[in-house]
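Shown next, in structure tokens, is the structure this report addresses.
Residue numbering restarts at 1 for every chain, and letters A, B, ... go by the order of the sequence lines.
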Amino acid sequence: DAGVIQSPRHEVTEMGQEVTLRCKPISGHDYLFWYRQTMMRGLELLIYFNNNVPIDDSGMPEDRFSAKMPNASFSTLKIQPSEPRDSAVYFCASSWGGRYTGELFFGEGSRLTVL
Amino acid sequence: GNSVTQMEGPVTLSEEAFLTINCTYTATGYPSLFWYVQYPGEGLQLLLKATKADDKGSNKGFEATYRKETTSFHLEKGSVQVSDSAVYFCALSEMNRDDKIIFGKGTRLHILP
């Protein structure tokens, strides 16, 4: 079975450019989470969706970040304009039942470098 | 609010040594507790979990016991292998509150052959 699929795996861009990260969750999962991982802050929850509806976006750092989930099989995280401090690994994870199982299935991550 | 605190790394051990990675938590209710592992270049994956006090989670030779009296969930393994080198995350989720899973900052483990 396919796991969570993220693209691109690596992205290098210049400050001010728009960045779009993509995620395909595991089929049948009803929760989707976006996390950011840095050495300084560790793993931070940015936003999560339940049945394609954003439930909590309190972790989104600022208005430059936005996320959408137009259907059950696709989500995007967009940064516009990007800044060097956005450099991090961004993970998408999906789950069935969210907290009730506690088992999140993570993608391999998208490593973003903003120059 | 809920939080997870785990020992800072890196932790460096020789192969076949005994491993303990400490984790303590703060929660207002009755959380479920988890250990996730992240191998180099990969996403996190669930290693083990415990859903109530005194439960013991175990997998791949790792164990952790849910200790409500000490609010702890320490990860242990009797004999580590080089392939156990990874970053280990303690996490909690609290039912009847929200759907978030709160992660600790992670502990990097290096096993020397």
Side-chain angles (χ1 to χ4, degrees), chain A residues 1-7 9-10 21 23-26 29-60 88-111, chain B residues 1-10 21 23 25 27-52 55 57-60 64 66 73 86-108:
Chain A
D1 289 341
V4 175
I5 299 172
Q6 292 187 244
S7 64
R9 290 294 310 277
H10 302 275
L21 308 178
C23 174
K24 178 178 168 52
I26 292 173
H29 282 188
D30 56 348
Y31 282 82
L32 184 139
F33 303 79
W34 281 101
Y35 285 89
R36 177 172 70 175
Q37 186 178 40
T38 61
M39 290 292 291
M40 291 296 295
R41 292 201 178 99
L43 201 62
E44 302 172 276
L45 176 63
L46 301 178
I47 184 171
Y48 74 94
F49 298 81
N50 178 218
N51 292 322
N52 315 336
V53 176
I55 302 301
D56 186 341
D57 65 354
S58 60
M60 296 286 261
V89 181
Y90 291 81
F91 287 103
C92 175
S94 69
S95 174
W96 183 87
R99 66 183 185 275
Y100 299 109
T101 66
E103 181 165 8
L104 300 185
F105 293 81
F106 282 78
E108 294 185 314
S110 294
R111 181 176 295 276
Chain B
N2 295 349
S3 66
V4 174
T5 303
Q6 59 183 109
M7 62 189 291
E8 291 192 19
I21 300 178
C23 171
Y25 67 89
T28 53
Y30 304 96
S32 294
L33 302 173
F34 311 90
W35 278 100
Y36 278 78
V37 59
Q38 183 180 28
Y39 298 104
E42 299 183 10
L44 282 71
Q45 54 186 276
L46 181 66
L47 179 60
L48 54 83
K49 70 177 183 182
T51 57
K52 62 182 188 297
D55 267 2
S58 61
N59 186 24
K60 299 182 181 180
Y66 189 142
F73 193 55
V87 181
Y88 292 82
F89 293 86
C90 187
L92 72 79
S93 72
E94 194 166 2
M95 295 178 65
N96 302 320
R97 281 182 62 89
D98 56 38
D99 299 311
K100 295 179 184 178
I101 294 176
I102 308 298
F103 286 90
K105 294 200 171 187
T107 302
R108 184 174 297 277

Check: Got a salt bridge between A/Glu103 and B/Lys49, using NZ or NE/NH1/NH2 to carboxylate O under 4.0 Å?
Finding: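 The answer is no: the pair does not qualify as a salt bridge.
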Check: Within a radius of less than 6.0 Å around CZ of B/Arg108, do more than 12 heavy atoms belonging to other residues, nucleotides or ligands occur?
Finding: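 No, not enclosed.
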Notebook entry, point to check: With a 6.0 Å cut-off on ring centres, are A/Tyr35 and A/Phe91 close enough?
Noted result: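 Distance test on ring centres: not under 6.0 Å, no.
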Notebook entry, point to check: Do the rings of B/Phe73 and B/Tyr66 sit parallel, tilted or perpendicular, given the 30° and 60° boundaries?
Noted result: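 Answer is perpendicular, since the angle exceeds 60°.
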So what's closer than 4.5 Å to chain B heavy atoms on [X]: side chain, backbone, both or neither?
X	answer
A/Glu44	neither
A/Phe105	neither
A/Ser110	neither
A/Arg111	neither

Note to self: Looking only at heavy atoms and a cut-off of under 4.5 Å, which of B/Gln38, B/Gln45, B/Glu42 has the most pairs with chain A?
What the structure shows: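 The candidate making the most pairs under 4.5 Å is B/Gln38.
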Note to self: Could you report the tightest heavy-atom contact between A/Ser94 and A/Pro25, atom names first, then the distance?
What the structure shows: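 That closest heavy-atom pairing would be CB-CB, 3.6 Å.
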